[in-house]
2 protein chains.
Amino acid sequence: MSHTLGIRQAQKQKTRQSLLDAALGLLEGQSLSSLGLREVTRAVGVAPTAFYRHFRSIADLGVALVEEALGSLHPMIRTTVSTADNGNQRITRAIELIARHVEGYPAHVRFIARERHGGVEPVREAIRDQLARFGEEVKAELAKDPESAGWNDDDLLMLANLYVDQMLITASLFLETLQAPEEERERVAQVAERQMRLISIGRRHWLD
Amino acid sequence: MSHTLGIRQAQKQKTRQSLLDAALGLLEGQSLSSLGLREVTRAVGVAPTAFYRHFRSIADLGVALVEEALGSLHPMIRTTVSTADNGNQRITRAIELIARHVEGYPAHVRFIARERHGGVEPVREAIRDQLARFGEEVKAELAKDPESAGWNDDDLLMLANLYVDQMLITASLFLETLQAPEEERERVAQVAERQMRLISIGRRHWLD
DNA sequence: TCATCCAGTTAACAACTGTTCTCCGTAATT
DNA sequence: AATTACGGAGAACAGTTGTTAACTGGATGA
C-alpha cells in the first residue's frame, strides 16, 4: 500500500517541512500576521519564490501548522480522558500529560495559544474546528462514564468544552514557566489540579 | 486640584488619543506585532515622526492600550462579584454584564484576547499584571461571602482565577457571535451560564 | 514684549516586503 | 533515448517600513 514516493516528491516534502519548522521557530517572538514570506525562506536557505511551490500564502502555511500541532493530538486526548483510574488520580495524570506535552512541543503549544485569537482568520477557523472536534471527542468519552447517567447531550458537551478550555489554560501556564525554576512549575501543576478537581466535584453534584 | 491644562497639553492628549483609537481600529484585522508605526499615523492623518512625541514604540502604545482596556474595569468586577442576589441570579447577571461590555467595547475585548498570548512581551506582561489584579480582587470579594467559611487563601485564589479565566473565555465567545444572529448569542450565554453554575456547585461541595 | 519651549512637519536614508516572469537542471514518463 | 514535468533560482518591480536630522510656528512663561 505505502507507495514509496519518488526522489522528487520526497525532496519536496522535505523542503516543505523545513519551511514549517523555520516558521514555527520564528514565531516564538512574533505573531503569524507579522511573519514575512522572505523571512521564512531566508531561515531555510531557499529562494523566496520557492515558497509558492508549497503554500499560497503565510496564512496557508499557518493552517498547515494548525494541522501539525493539533491533528496528531486526538488519540492522546481520547486515551487521557478515558483512563481507568479513579477520579483524582485521573486528574493528576492528565495534568502531568499536559506538562509533558508542553515540554516536548513548546513551539506548537505557543503557536496554538497565540493564534487561537490571533490576527489571521483562516488560522483561527482551523483552530476553532480542531478544538470543536476535541470537545466532541471528550464528550464521547465522558458519555461512557457511569457518572454521566442522566445527563443530556447539551450538558455533556458543555462540560467537555469546559475541560478542553481548562486544558488549554493549563498548557499556556506551563509554557510560561518553562524557563522558571522547578518549584514554580510544581505550583502551577497543583493549582491546575485543584481547579480540575473543583470542576469534577461540580460535575458530581450537577444533577442534585 | 483639576488644573485646566493649557491649549498645548490638551491638543497633545487629543492626538495621543487619536493614535490609540486608530491603532485599536487597525488591530481588528491583525496583531500588534504586525502593526506599523506609519500605518497608525497615516490613519490619524499626522506625520510618522509625530508618533515619537507620544510613544517610544508600538509595544509602548500596546501597553497603553492594555491600561485603557482593563484599567477602568476593576470597579465593575468588584460590584459584579459582590452583588447581593442569590447564586443563580448572580451568575445570570454576570454573564449579561459581560455580554453588554463586549457589545459596548468589542475592540478592547478583542485586543486583550488577542494580545494576551500575542507576540509582544511587554504587552503580555501588562495584561498578565492586570489579570492578576483581577484575580486578587475577585478573591477579596469571595472571601466576604459566607460560603467561603473554612477556605484557605490558596484555594480562594485558585477559585478566583478560575472565575476570571471563565469570564475571559465567555467574553471571547461573545465576540465571535457579534455578527451572528441573536439566537446564537443566546445559546452562548446559556452555555456560559451553565458552566459558571457548575463551577459554583463545585465550590459549594469543595470542603466535603 | 520677547525669548523659550515643543508638538508636529518635511525630507531623506537604507532596508525590507510580496509578487511577477524567465530561466535552469534533473527526475519522471513515454 | 527523447520528451515532459516541475522544484527551485535569479533578477527586477513598486511599495513599504523605522529612524535620523533639521526645521516651523504657535503656545508658554518671564
Side-chain angles (χ1 to χ4, degrees), chain A residues 2-23 25-65 115 118-123, chain B residues 2-23 25-65 115 118-123:
Chain A
S2 82
H3 179 260
T4 322
L5 352 66
I7 299 179
R8 205 162 204 170
Q9 299 223 17
Q11 182 55 45
K12 178 168 184 181
Q13 288 211 348
K14 211 166 138 192
T15 330
R16 188 190 130 103
Q17 191 58 47
S18 298
L19 289 169
L20 288 171
D21 293 347
L26 291 166
L27 283 175
E28 290 199 14
Q30 60 183 315
S31 313
L32 188 71
S33 84
S34 71
L35 184 65
L37 169 162
R38 295 183 100 108
E39 206 177 345
V40 179
T41 57
R42 191 186 313 130
V44 174
V46 89
T49 47
F51 183 90
Y52 294 104
R53 302 285 182 197
H54 303 274
F55 306 102
R56 216 183 302 270
S57 64
I58 285 286
D60 195 20
L61 176 143
V63 172
L65 275 179
E115 301 304 330
V120 184
E121 219 283 324
V123 173
Chain B
S2 82
H3 180 260
T4 321
L5 330 63
I7 299 180
R8 207 164 201 170
Q9 299 224 15
Q11 182 56 45
K12 179 170 184 180
Q13 288 212 347
K14 210 166 142 191
T15 6
R16 187 190 133 102
Q17 191 58 47
S18 298
L19 288 169
L20 289 170
D21 293 348
L26 291 166
L27 284 174
E28 289 199 14
Q30 61 185 315
S31 315
L32 188 70
S33 84
S34 70
L35 184 65
L37 168 164
R38 295 183 101 107
E39 207 178 345
V40 178
T41 56
R42 191 186 314 129
V44 174
V46 87
T49 48
F51 183 90
Y52 294 104
R53 302 285 182 199
H54 304 274
F55 306 101
R56 214 184 303 270
S57 64
I58 286 287
D60 195 20
L61 176 144
V63 172
L65 275 179
E115 300 305 328
V120 184
E121 219 284 322
V123 172

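In what follows, chains are A, B, ... by sequence order, proteins preceding strands, each numbered from 1. These numbers were taken from a predicted model, which means no experiment stands behind them.
Atom CD of A:Q17 is surrounded by more than 12 heavy atoms from other residues, nucleotides or ligands within 6.0 Å. Shown here is A:Q9, whose CD atom has no more than 12 heavy atoms of other residues, nucleotides or ligands within 6.0 Å.
The CZ-P distance, from A:F55 to C:dG18, rounds to 15 Å in whole Å. Rounded to an integer number of Å, the gap from CD of A:E39 to P of C:dT19 is 15 Å. When the C1' atom of C:dC16 is taken as reference, atom CG of A:L26 falls 15 Å away, rounded to whole Å. Going from atom CG of B:D60 over to atom P of D:dG18 covers 15 Å, rounded to whole Å. Whole-Å rounding puts the A:R38 CZ to D:dT17 P distance at 16 Å. Computed from coordinates, the B:R56 CZ to D:dT20 C1' distance equals 17 Å when rounded to whole Å. Between the CD1 atom of A:I58 and the C1' atom of C:dT19 there is a distance of 13 Å, given to the nearest Å.
For a distance-only test at 3.5 Å, the side chain of B:R53 fails to qualify as a donor-acceptor partner of the base of C:dT9. Evaluation of atom-type donor-acceptor distances gives no pair under 3.5 Å for the side chain of B:T49 against the base of D:dT19.
No engagement by A:F51 is indicated, since no non-hydrogen atom pair under 4.0 Å with the nucleic acid exists.
The closest side-chain heavy-atom distance from B:L61 to B:F51 is below 4.5 Å. Side-chain contact between A:L37 and A:F55: absent, with no pair of heavy atoms (C-beta onward) separated by less than 4.5 Å. Inter-residue side-chain proximity for A:K12 and A:H54 is flagged as met; some heavy-atom pair is nearer than 4.5 Å. Residues B:L65 and B:L27 have side chains in contact (heavy-atom distance under 4.5 Å, counting atoms from C-beta outward).
Residues from residues 10-19 of chain B with heavy atoms under 4.0 angstrom of DNA chain D: there are none.
Comparing C:dG18, D:dG8, C:dG8 against the side chain of A:Y52 picks out C:dG18 as the nearest. Here the side chain of A:H54 is nearest to one of C:dT19, C:dT10, D:dG8, namely D:dG8. When each of D:dT17, D:dG8, C:dT10 is scored by its nearest atom to the side-chain atoms of A:V46, the top-ranked nucleotide is D:dG8.
Contact annotation: A:R42 reaches the phosphate of C:dT17 (side-chain N/O to OP1 or OP2, under 4.0 Å).
Comparing A:P48 and B:P48 by the nucleotide of DNA chain C whose heavy atom lies nearest to each, the residue mapping closer to the 5' end is B:P48.
Using modelled atom types and a 3.5 Å distance limit, the side chains of B:S34 and A:S34 yield no donor-acceptor pair.
Judged purely by atom type and a 3.5 angstrom limit, A:E115 has no side-chain atom pairing as donor or acceptor with the backbone of A:V120. The backbone N or O of A:S31 sits less than 3.5 Å from a side-chain atom of B:S33, completing a donor-acceptor pair.
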Going through the checks in order, is the side chain to side chain contact (heavy atoms under 4.5 Å, CB included) test met by A:D21 and A:V44? CA-CA 9 Å; A:D21 293 347; A:V44 174; over 6 Å; no

Do any N or O atoms of the protein come closer than 3.5 Å to N or O atoms of nucleotides 27-30 of chain C, and which pairs are they?
from   : atom 1 : to   : atom 2 : distance (Å)
C:dA27 : N3     : A:R8 : NH1    : 3.1
C:dA28 : OP1    : A:I7 : N      : 2.8
C:dA28 : OP1    : A:R8 : N      : 3.4

